[in-house]
Amino acid sequence: MALTIFNSLGNRKEPFVPLEPGKVKLYLCGVTVYDFCHIGHARANVAFDIIVRYLRFSGNQVTFVRNFTDIDDKIINRANEQGTDYLSLSTRYIEAFYEDFDRMGLLRPDVEPKATEHIPEIITLCERLIAGGKAYPVAGDVYYSVKGFKEYGKLSGKNIDDLLSGARVDVDERKKDPLDFALWKSSKPGEPFWESPWGPGRPGWHIECSAMVMKHLGETIDIHGGGKDLVFPHHENEIAQSEAATGKPFARYWVHNGFVNVDDEKMSKSLGNFFTLREVLKVVKPEVLRFFFASSHYRSPIDYCDTNLSEAKAGLDRLYRVKEKAEGYLASGAFPCAIPPGDDFAPVRDAQTRFREAMDDDFNTAAAMGHLFDAVRAINKLATDDPKAEPWKAGAFLSGFMQLNPLFDVLGLLRLPSADYFRNETSEGAEGRMPESEILGAIEARREARGRKDYPEGDRIRKELEDSGVLLEDGKAGTTWKYKD
RNA sequence: GGCGGCAUAGCCAAGCGGUAAGGCACGGGACUGCAAAUCCCUGAUCCCCCGGUUCAAAUCCGGGUGCCGCCUCCA
């Protein structure tokens, strides 16, 4: 079965056929670096991280480009507020961006262009549009002439007349038409600027993406992504500029992710109801957040709340227990061996096929995870307390896990050794924790108590540990422990 | 006002014409000194409502109702 992608351009699922077989050119709109990333950014980037991982898993050579918008009004304003300059501000938030995103296990794109490093390309593109009669300079600004592009609105489904009748189009007497948007903005005194044929100024928001796409990927790319809110006007304008300049289709597939809601309301900077990623990662493990995102389809809205997060944690814990067992079996000298025949184990044997089928259907991670859980239940049937006594079970369990592992990796899950997952991670959770030596001492004391059948004392110790956030699990090979979190 | 999306068990969530995946929570059983983990069993006679098409609809069509998003910077 072939990959099908929901294309916002046309609003329907289409078979995915890259321009060049086996090669995928993908551009994702990055962030404007004037503040910390919030969980909406995290969701978008996790969604495309999984898309890139899956495209590569399926054998494609993917060139993944994601920009930084490092110059615009918000950055300038914020820099002024903080008494700093745009460059120090954007540099600081780019550093913060990497700190947060790296913790999320997000792949670094192949190219991460910055708007300010592409001023010549942006100017050239403006000149090309002016020369073609698609844009015009006015008093140091350059505007794009929307009415000159007949297909304007084809992505967002809007038509020019409706837009004109809307009261929200800003009026600027310098524009020939209210719908026209700025490609180049002249700088006001004290603002950062770059020299241009129209005088000192800076690029408008939309043009930078067109220029960077063309420079790093070419005039037609395969996939252009971003959040749903970018459809209009940003992506609509990118199409208008780019296609007017080149006469070629700009992107073959437009992919847009749904929002993160808080209390069923869109979370956004403008509403002020947003959680920053670093704030959330103090109390939520990064992979729990990934699991949470992956458990819904990327185009659906997702509701961020404690209940949903703890459900995600419970689910991920279960997956990590499988990994924990596999690691234990490996350490005890087990080696992979054949999975027994029979329908009981079909979910493991067919895991990859089923997983791919789900992912090929517009990256249906929720369905894919369903299949993974089926497989997990199947290999858990092979779990044994004593791998040395039942080596075939441990071995079959191991090979089952090894078949699943690459699939989890596509989702970016189970990247840590299980001990790290269960024992570390959230910075806040780590504070005030009982040290390992103390835990081991208590376990030893409990072992002695249980040895002399003093169960009340044993239970007391276990309860005491639990109250301190440490869970004990007795197995044939001894007692193991993990932090509750 | 214009455009678009969604409504499935207590909660989250797949399903895209062939008779309701999966997760979490709950209950019963096995295992355990007791727990935990793991395994087994159990849960929607039905998919917001009303019509229609079809041999067959949660899935298609029409009409309601209720949420949500975009049209303004926004992942």
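This is a predicted model, so every value here is computed, not measured. Worth knowing before you read on, the calculation uses all heavy atoms, side chains too, and leaves out hydrogens, waters and symmetry mates. Numbers restart at 1 for each chain; the letters A, B, ... are given by sequence-line order, proteins then strands.
Among the protein residues, Phe259(A) comes within range of the nucleic acid bases, having at least one heavy atom under 4.0 Å from a base atom. Using a 4.0 Å heavy-atom cutoff across all strands shown, Gly227(A) reaches sugar-phosphate atoms only and no base atom. Contacts of His256(A) with the nucleic acid, taken as non-hydrogen atoms under 4.0 Å apart, are absent. Base engagement by Ser268(A) is indicated by at least one non-hydrogen atom pair under 4.0 Å involving a base atom. Across all strands shown, Ala314(A) has heavy atoms under 4.0 Å from sugar-phosphate atoms exclusively, and none from any base. Residue contacts for Asp374(A): at a heavy-atom cut-off of 4.0 Å it reaches the sugar-phosphate backbone alone, with no base atom in range. Using a 4.0 Å heavy-atom distance criterion, Lys266(A) is classed as a base contact.
Atoms NZ (Lys228(A)) and P (C70(B)) sit 11 Å apart, rounded to a whole Å. Atom CD in Glu236(A) sits about 12 Å away from atom P in C71(B), given to the nearest Å. Between the CZ atom of Arg299(A) and the P atom of A14(B) there is a distance of 10 Å, rounded to whole Å. We find that CG of Asn261(A) is positioned 10 Å from P of A13(B), with the value rounded to whole Å. Between the P atom of G4(B) and the CG atom of Asp229(A) lies a distance of 19 Å, rounded to the nearest Å. Atom CG of Leu411(A) is separated from atom C1' of G22(B) by 13 Å (rounded to the nearest Å). As a whole-Å value, the separation of Asn11(A) CG from G69(B) C1' is 13 Å. Here the P atom of nucleotide U32(B) and the NZ atom of Lys476(A) are 7 Å apart, to the nearest Å.
Considering only the side chain of Phe373(A), G22(B) comes nearest among G22(B), A14(B), C11(B).
Taking the C1' atoms as reference points, G18(B) lies 28 Å from C12(B), given to the whole Å. Nucleotides C24(B) and C67(B) place their P atoms 32 Å apart, quoted to the nearest Å. As rounded to the nearest Å, G51(B) and U59(B) have P atoms that lie 14 Å from one another. Comparing the C1' positions of A37(B) and G43(B) gives an interatomic distance of 24 Å, to the nearest angstrom. Here the separation of A7(B) from C16(B), taken at their C1' atoms, is 16 Å to the nearest Å. Nucleotides G10(B) and C47(B) have their P atoms positioned 13 Å apart, rounded to a whole Å. Comparing the same atom, C1', in C60(B) and in A36(B) gives a spacing of 50 Å after rounding to whole Å. Comparing U54(B) with C48(B), their C1' atoms sit 23 Å apart, to the nearest whole Å.
Look at U54(B): it lacks any Watson-Crick or wobble partner with both distances under 3.5 angstrom. Pairing of C39(B), defined by two Watson-Crick or G-U wobble distances under 3.5 Å, is identified with G29(B). Of the nucleotides present, C68(B) is the one that pairs with G4(B) by Watson-Crick or G-U wobble criteria, both distances under 3.5 Å. Nucleotide G10(B) is matched to C24(B) when pairs are restricted to Watson-Crick or G-U wobble geometry with both distances under 3.5 angstrom.
For the OP1/OP2 pair of G15(B) and a distance below 4.0 Å, the side-chain nitrogens and oxygens of Asn364(A) include at least one atom meeting the criterion. In this structure, Ser310(A) does not reach the C12(B) phosphate: none of its side-chain N or O atoms is under 4.0 Å from OP1 or OP2. Contact between the side-chain N/O atoms of Lys158(A) and the OP1/OP2 oxygens of G4(B) is not found at any separation under 4.0 Å.
Between Asp360(A) and Arg356(A), no side-chain nitrogen of the basic residue sits less than 4.0 Å from a carboxylate oxygen of the acidic one, so the salt-bridge criterion is not met. A salt bridge does not link Asp459(A) with Lys463(A): none of the charged nitrogens is closer than 4.0 Å to a carboxylate oxygen.
Considering only residues two or more places apart in sequence or on other chains, Thr32(A) meets the side-chain contact (heavy atoms from CB on, under 4.5 Å) condition with Tyr34(A), Thr69(A), Asp72(A), Lys74(A), Ile75(A). With sequence neighbours left out, the ring pair (Phe, Tyr, Trp, His ring centres under 6.0 Å) criterion links His234(A) to Trp205(A), His206(A).
Note that Lys13(A) lies outside the cation-pi zone of Phe6(A), set by a 6.0 Å cut-off to the ring centre and a 45° limit from the axis. In this structure, Lys323(A) is not positioned above the aromatic face of Phe401(A) in the sense of NZ or CZ being under 6.0 Å from the six-membered ring centre and within 45° of the axis. A cation-pi arrangement is absent between Arg92(A) and Phe97(A) under the rule of less than 6.0 angstrom and at most 45 degrees off the ring axis. With Tyr27(A) as the aromatic partner, Arg66(A) does not meet the cation-pi criteria of under 6.0 angstrom to the ring centre and within 45 degrees of the ring axis.
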message: For nucleotides 33-43 of chain B, give me one character per nucleotide, 5' to 3': B if any protein heavy atom sits under 4.0 Å from the base, S if the only such contacts are to the sugar-phosphate, - if neither.
response: BBBBSSSS---
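Using a 30° and 60° split on the angle between ring planes, Phe355(A) and Tyr54(A) fall in the perpendicular class, above 60°.
Between His297(A) and His41(A), it is His297(A) whose nearest contact on RNA chain B lies nearer the 5' terminus.
Taking all atoms of both residues into account, the shortest heavy-atom contact from Ile302(A) to Phe293(A) is CD1-CA, 4.0 Å.
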